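Quick note on labels: first sequence line is chain A, next is B, and so on, each numbered from 1. Keep in mind it's a predicted model, so treat the numbers as computed, not measured.
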Amino acid sequence: MNNFPILSSVIFLPLLGCFVILFIRENNKNLQNNIKFAALITSIGTFVLSILLWIAFDPNFEEYQFVEKKQWIDGFNFYYHIGIDGISLFMILLCTFLTPLCILSSWNNIQKKIKEYMIAFLVLETLMIGMFSCIDLLLFYIFFESILIPMFLIIGIWGGERKIYASFKFFLYTLLGSVLMLLAVIFLYQITGTMNIEEIQSYSISKKVQYILWLAFFASFAVKIPMWPFHTWLPDAHVEAPTAGSVILAGVLLKIGGYGFIRLSLGIFPIASMFYAPLIFILSLIAIIYTSFIALAQKDIKKLIAYSSVAHMGFVTIGIFIVNQNSLEGAMIQMLSHGVVSAALFLCVGIIYDRMHTREIAFYNGLINKMPIYAFFLMIFTLASIGLPGTSGFVGEFLILLGTFKISPIIALFAASGIVLSAVYMLYLYKRIIFGIISNSKLKELFDLDIREMTILIPLTIVILWMGIYPNSFLKPMQIPLKKIINKYEIANNL
Amino acid sequence: MTININFLLIPEIVLILGIIAILLISVFINKNSFKFSLYSSLILLIITSFLVLLNYQDSFINNNKLFITNLFIINFKILIIISSILVLLIMENYFQDLKINKFEIPILILFSVFGMLVMISSNNLMSMYLGIEIQSLSLYILASINRKSLKSSEAGLKYFILGALSSAFLLYGCSLIYGFTGSLNFEDIYQKMSVFNNLNIGLIFGLIFVITSLGFKISAVPFHMWAPDVYEGSPTPITAFFTTAPKIAGIALLIRFLFEPFGNFWFDWHQIIIFISIASMILGAFAAIVQDNFKRLLAYSSIGHIGYILIGVVSANDSGIKAIFIYLVIYIFMNFGIFAILLSLKNDNGYIEKISNLSGLGKSNPIVSIVLTIMLFSMAGIPPLAGFFGKFYIFIAAIESKLFVLAIIGVLSSVIAAFYYLRIIKVIYFEENKENLEITLNPNTKFVIYLSALFIILFIFFQSKILELSNFVSYNIIN
């Protein structure tokens, strides 16, 4: 069992599912169902495997685990080198957890090109898991940028009215950010002679070089996460993407930025990270306050949640660049929590969109009369998004603020105002669509959640409460790798 | 001595004798002469490639010869032959449908291949000129082979006039170099110039004129003006040929010319190449955005690709030459994949040329449209497809030589270029079907399409093999 490449199996199982699906013909309704079941089974299988990964994971072990290393390109020091630590473990779990829910949520609302849709999602899953488990920087980059292809197609083919604009904006924005990172990666390879992230981290890079290369990495991750002036692709992409696309986009793709900041920006360029930290704080605070106000003014539910994502990610970037144990743990939990909560919110929007085919806030009111169960779930997710104690959102924001307060009370003060603002826009949204009496006659035909939709929402609720009530099961494994990064940061900056 | 020379030139000699034989036989066949000359040309090319490979381990470097061969030259010859084989494979249906199935077409392609082989193995300014002229004259005729079409005739004429001008530049440059060094032989020129600290004005002019002419052959900016018109006007298979084989030959000769006689004067020529490279990348990226004709777009895209390849030339290091070779291998397959698909799509008005005609391809033929999408993503340089690695190795070379600005301009223009490739994908998938597209895949075309698709997808797994080959390529040039 020890030699079984379990991590590779997690990565490539969805791809295997793609091959199976490729050979199922989609002539009639039954065969289309076969495709959906094949995709669902593959993704659930991947999830089970990744749970095994979690069980077998040893939280006290200091190095990467489940490491696999093979020479990939002769003549260059490029390896197929994968392995996970506590940081990547939960990112992988997030991917494998959300993908089956995505497939389940698109069971009925995707009508055309079902085969291609399922293949795109499974390929996307493979690429995301692969990206989070890379130790080789080139491999990381390849997975990182490959994600653009399926995501572009998902938005472009199955998206809404302005899908072309949104998909192009998404693709070009992200590509522009990441090509600069490519050059930085090549440059790192030139000066260190290796692509191994660990070895590069232990190599001391001169100050001046760090300052420049950090910016290249920043360009890429700041677009991905997204930070304030680079966020404009996100609302468009979210609004136009199909529900499942939004879920993956908010749930996992945004986390790539945060993951990159922790693993690469902090890990490889500690001096530059310290130098540029004030820039990050300013941008993040602007993001938290400015986008919260923008969210308040939105007419489209998805757009509102999209802007709230930018605000929540502002917390994450502050937490990352404060660099102490509390704030980094908080940033990680905030990312995981946001991954689950925003996914849940988008799925909730998807549920009423499937029924009414509009996302306009003004269209809905009094849903509680027709959909009480729906109102219950949406309440939990809304409160989690605000950060009510007992839900996952609280743990992350609390830890981040705790860590920030130690360094700079002023930043903490401004950041904390974001929590209040998020309560304003989220509760206002909830009030408008759920409470009151139904005045729109079209809404009279609404029916409550069916079994499929409940199966989607229940696991999300469980995870949100679990993370809120007993966060230790998530915090424990990530403590050691985070500590390593902090130590290195402190030594490099003589703190 | 004579035996040695003969052995060195055996592939070329066999090729030219074979061409003459095919020509003679074809004249006397009344029916199906096109098919005969097509398939016998294919066989002849395969035989030639074996003969080229026979010389693989030997390297005949004899300073006073008109021709030399080494591993660099052999590998580039194989690339040229592969791309001509691919073009012969995809052309049959097109010419038969347009009723210009003349047996001369494959023969002219063979003649130009012969010219290219001569050109890149030349070790002397005269044989170099000779080779260039043999290939160009055949290409002029090929461009205007569709006599009934006004555009095709125009393309041929334009190509001929500008080509003749560039040949004049080449001759003038050669004569200047000869005048100032007193030798035509590459090695001798190198020896004679190695005593100079700086190039004198005559040699600089000679260098510039030769670069101009070769820049014309590879359609690098600012010598690219002919390319879009000629590519649009020529019959599509001929365009496919134009975008690959002559460019490979031109690049190979450019590398040899710059590294062999002018190897010591990197400082003098690198600025010129840097300018050409930047201009090509930027123009290739921007000008293609507004094109609606697929062939015109590919013309600009190939200009852009040449820009990237020139980064490898400027890098002037081992990895630069390797990267060029890898880039060209990938480029051949991407290009022929796209052209093979283009050559199998027809609507009511004949073969499609406009991008907007592709709308709804995703619905009518899912597999072909997936393949085309993969090709386009690869052209845009998105991993994990082959096109990414082509650019990746080029950038490695550039950063190794500390050409940071060039590399940054390169990646930025690749983002702009991604836009127009995406635009085609948009038309294929995101738009509704307007006209009916008819897809006729004959076995040869199918073979080319699937071969290039597999190559592009699986390149990530077997690239070590191609890197190994590229080690041999750079060996002769850098040492």
* Can the ring centroids of A:Phe76 and B:Tyr393 be said to lie less than 6.0 angstrom from one another? -> yes
* Relative to the ring of A:Phe152, is the ring of B:Phe430 parallel (under 30°), tilted (30 to 60°) or perpendicular (over 60°)? -> tilted
* To do: Give, as side chain, backbone, both or neither, the part of B:Ile425 having an atom under 4.5 angstrom from any heavy atom of chain A.
  => side chain
* To do: Count the heavy-atom pairs under 4.5 Å between each of B:Thr373, B:Leu385, B:Ile396 and chain A, then report the option with the highest count.
  => B:Ile396
* Interface moiety of A:Phe78 toward chain B, non-hydrogen atoms closer than 4.5 Å -> side chain
* Asked: Tell me, side chain or backbone of A:Leu182 under 4.5 Å from chain B's heavy atoms, or both, or neither?
  -> side chain
* Between A:Glu116 and chain B, which part of the residue has a heavy atom less than 4.5 Å away: side chain, backbone, both or neither? -> side chain
* Region of B:Gln463 that comes under 4.5 Å of a non-hydrogen atom in chain A -> side chain
* **Choice from B:Pro384, B:Ser464, B:Ala380, B:Pro383 maximising heavy atom contacts with chain A below 4.5 Å** => B:Pro383
* Asked: Given that the side chain runs from C-beta out, which part of A:Ser178 has a heavy atom under 4.5 Å from chain B: side chain, backbone, both or neither?
  -> neither
* **Heavy-atom proximity to chain A below 4.5 Å, by part of B:Phe392** => both
* Against chain A, label B:Phe395 side chain, backbone, both or neither, depending on which of its atoms sit under 4.5 Å from a heavy atom there. => both
* Interface moiety of A:Leu138 toward chain B, non-hydrogen atoms closer than 4.5 Å -> side chain
* To do: Rounded to the nearest 0.5 Å, what's the gap from CD1 on A:Ile191 to CD1 on B:Ile399? Could you check?
  => 10.5 Å
* Quick one: CZ on B:Phe404 to CD1 on A:Ile186, what's the gap to the nearest 0.5 Å? -> 11.0 Å
* Asked: When heavy-atom pairs shorter than 4.5 Å are enumerated against chain A, which of B:Ile382, B:Ile408, B:Leu422, B:Leu412 gives the highest number?
  -> B:Leu422
* Looking at A:Leu176, A:Leu180, A:Ile73, which makes the most heavy-atom pairs under 4.5 Å with chain B? -> A:Ile73
* Structure fact -> The interface call for A:Lys115 against chain B, heavy-atom contacts under 4.5 Å, is neither
* Separation between CZ of B:Arg423 and CZ of A:Phe168, rounded to the nearest 0.5 Å -> 8.0 Å
* To do: Mark yes when over 12 heavy atoms from residues, nucleotides or ligands other than B:Phe447 sit less than 6.0 Å from its CZ; otherwise mark no.
  => no
* Below 4.5 Å from any heavy atom of chain A, which atoms of B:Tyr429 appear? Answer side chain, backbone, both or neither. => both
* Drop me the distance from B:Phe377's CZ to A:Leu148's CG, to the nearest 0.5 angstrom. => 8.5 Å
* **Ring centers of A:Phe171, B:Phe419 separated by less than 6.0 Å** => no
* Using atom types as modelled and distance alone, determine if a side-chain donor or acceptor of A:Trp72 lies under 3.5 Å from a backbone N or O of B:Phe461. => no
* With rounding to the nearest 0.5 Å, note down the distance linking OG in B:Ser319 to CD in A:Gln190. => 7.0 Å
